[in-house]
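Below: the structure, in structure tokens.
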Amino acid sequence: MRNGWSFIRRAGLPVHCVITCVMGGVGTSAMADEAPTVTPYRPSVSSPAALSAPGWVEVEAGVQNSRGEDASRRVTLPYTFKLAFTPDWGVRIGGDALVRQTEGGGAAQRGGGDTTIVLKRRFELNDDSAWGLELGTKLPTARRGLGSGRADTGVNAIYSSDFAPGWHTDLNLAVTRIGGVPAGQSRWQQAWATSVSRILSEQWGVGGELAGTRQGGNASTAQALFAASYAVSRKLSLDVGVSKGLNAASGAWSAFAGLTFLAARVF
């Protein structure tokens, strides 16, 4: 991830703020017995039906370095703020704090990314499984060339299950109405994701995922992802992984690392 951290320095991001966030999560581990456990959504494409701990602001942050089939590169600093009002209702706000995009010819752009707001509802089936429903909108907050410049709206259906001791799966099926598309392309995009994760110990876990999109008039995408996670405490989890596009429309490789932590209790 050296290229990602070099980007952070070049972009002028106050690295000490990132370190402070991490150390804040570690430093409060003494209160771990009194705090709930984090519910990471990253780094997979799919979302679980479960929400984060009610009343707590949970934060996800990371760095991702993606390479296209050509010489293009895209380095991002994704973030998400999550707040659950109850075990069944919650919201989250996310996006890319910074984006550095380099085209094949070497021209580079830098700036903030688009912002997504999601309202989430969970429907418990039993102790081991649940449905979920997300209604979200993407706001065009990115500068020209780093985003579509139009708002998107979509809905995501989720099924999550602990189907065996130590094993978990999340199935997602989403439909999005895209605000701006080139002539000949459909405004409607379907997306799917299937992930399976395995708890190896009290601290370590691994997971794999297949995901993709389909849109009329545009090439379908598909990717495979593998990640590992490490629970520093109940309030802090770290992750690292890679993903690989499975066709020419999906990009080549991506490498990523990040963390999820409980930031503060608000009620």
Side-chain angles (χ1 to χ4, degrees), residues 35-62 76-97 112-126 128-142 147-162 168-181 186-195 197 209 211-215 235 237 239 258-267:
T37 303
V38 292
T39 308
Y41 290 5
R42 60 163 297 116
S44 62
V45 174
S46 60
S47 297
L51 283 84
S52 54
W56 287 79
V57 175
E58 186 169 295
V59 180
E60 299 185 354
T76 61
L77 300 180
Y79 70 90
T80 302
F81 294 95
K82 297 181 290 187
L83 176 62
F85 308 117
T86 73
D88 297 324
W89 285 97
V91 296
R92 71 174 186 269
I93 300 174
D96 291 316
D114 290 327
T115 302
T116 302
I117 302 175
V118 177
L119 174 66
K120 185 167 187 172
R121 175 74 163 94
R122 171 180 173 268
F123 304 88
E124 181 178 355
L125 297 176
N126 51 52
D128 298 322
S129 59
W131 292 99
L133 192 64
E134 296 179 333
L135 177 62
T137 183
K138 186 204 75 177
L139 304 178
T141 55
S148 65
R150 300 291 183 87
D152 302 337
T153 302
V155 61
N156 181 32
I158 305 166
Y159 174 73
S160 297
S161 176
D162 297 324
H168 179 84
T169 186
D170 294 312
L171 310 177
N172 284 203
L173 183 60
V175 178
T176 301
R177 186 182 187 280
I178 300 176
V181 295
S186 171
R187 283 188 177 272
W188 295 96
Q189 181 188 74
Q190 299 83 43
W192 59 272
T194 301
S195 69
S197 58
E209 180 181 63
T213 64
R214 183 175 181 178
Q215 180 185 4
K235 298 182 65 175
S237 177
D239 63 76
L259 69 161
T260 303
F261 64 95
L262 292 178
R265 187 171 187 173
V266 294
F267 60 85

To the nearest 0.5 Å, what is the distance between [atom1] ([X]) and [atom2] ([Y])?
| X | Y | atom1 | atom2 | value |
| --- | --- | --- | --- | --- |
| D88 | L51 | CG | CG | 7.5 Å |
| T116 | L139 | OG1 | CG | 7.5 Å |
| T137 | L119 | OG1 | CG | 12.0 Å |
| S52 | L83 | OG | CG | 6.5 Å |

Could you report the tightest heavy-atom contact between [X] and [Y], atom names first, then the distance?
| X | Y | answer |
| --- | --- | --- |
| E124 | A130 | CA-CB, 3.9 Å |
| W131 | Y159 | CZ3-CB, 3.7 Å |
| L262 | A35 | CD1-CB, 4.4 Å |
| Y41 | E60 | N-OE2, 2.6 Å |
| A191 | T213 | CB-CG2, 4.0 Å |
| A193 | A211 | CB-CB, 3.8 Å |

Looking at R187, I want to see if its CZ is surrounded by more than 12 non-hydrogen atoms of other residues, nucleotides or ligands under 6.0 Å. yes

Short side-chain to backbone donor-acceptor contact, D162 and H168, under 3.5 Å: no

Taking Q190 for the side chain and L173 for the main chain, is one N or O donor matched with an acceptor at less than 3.5 Å? no

Evaluate the side-chain hydrogen bond (donor to acceptor under 3.5 Å, both in side chains) criterion for residues S195 and S44: first the C-alpha distance (whole Å), next the side-chain angles of each, then the deciding distance (0.1 Å), finally the verdict. CA-CA 8 Å; S195 69; S44 62; 5.0 Å; no

4.5 Å side-chain heavy-atom contact, [X] and [Y]:
| X | Y | answer |
| --- | --- | --- |
| E58 | T260 | yes |
| T39 | W56 | no |
| V91 | I117 | no |
| N172 | V45 | no |
| R42 | T80 | no |
| S160 | D170 | yes |
| W89 | R121 | yes |

Could you walk me through whether T176 and K138 pass the side-chain hydrogen bond (donor to acceptor under 3.5 Å, both in side chains) test, one step at a time? CA-CA 10 Å; T176 301; K138 186 204 75 177; over 6 Å; no

Apply the test side-chain contact (heavy atoms from CB on, under 4.5 Å) to residues L77 and Y79: give CA-CA distance (whole Å), side-chain angles for both, the deciding distance (0.1 Å), then the verdict. CA-CA 7 Å; L77 300 180; Y79 70 90; over 6 Å; no

Apply side-chain contact (heavy atoms from CB on, under 4.5 Å) to V181 and Q189, showing your working. CA-CA 11 Å; V181 295; Q189 181 188 74; over 6 Å; no

Worked verdict on S47 versus R92 for side-chain contact (heavy atoms from CB on, under 4.5 Å): CA-CA 12 Å; S47 297; R92 71 174 186 269; 3.6 Å; yes

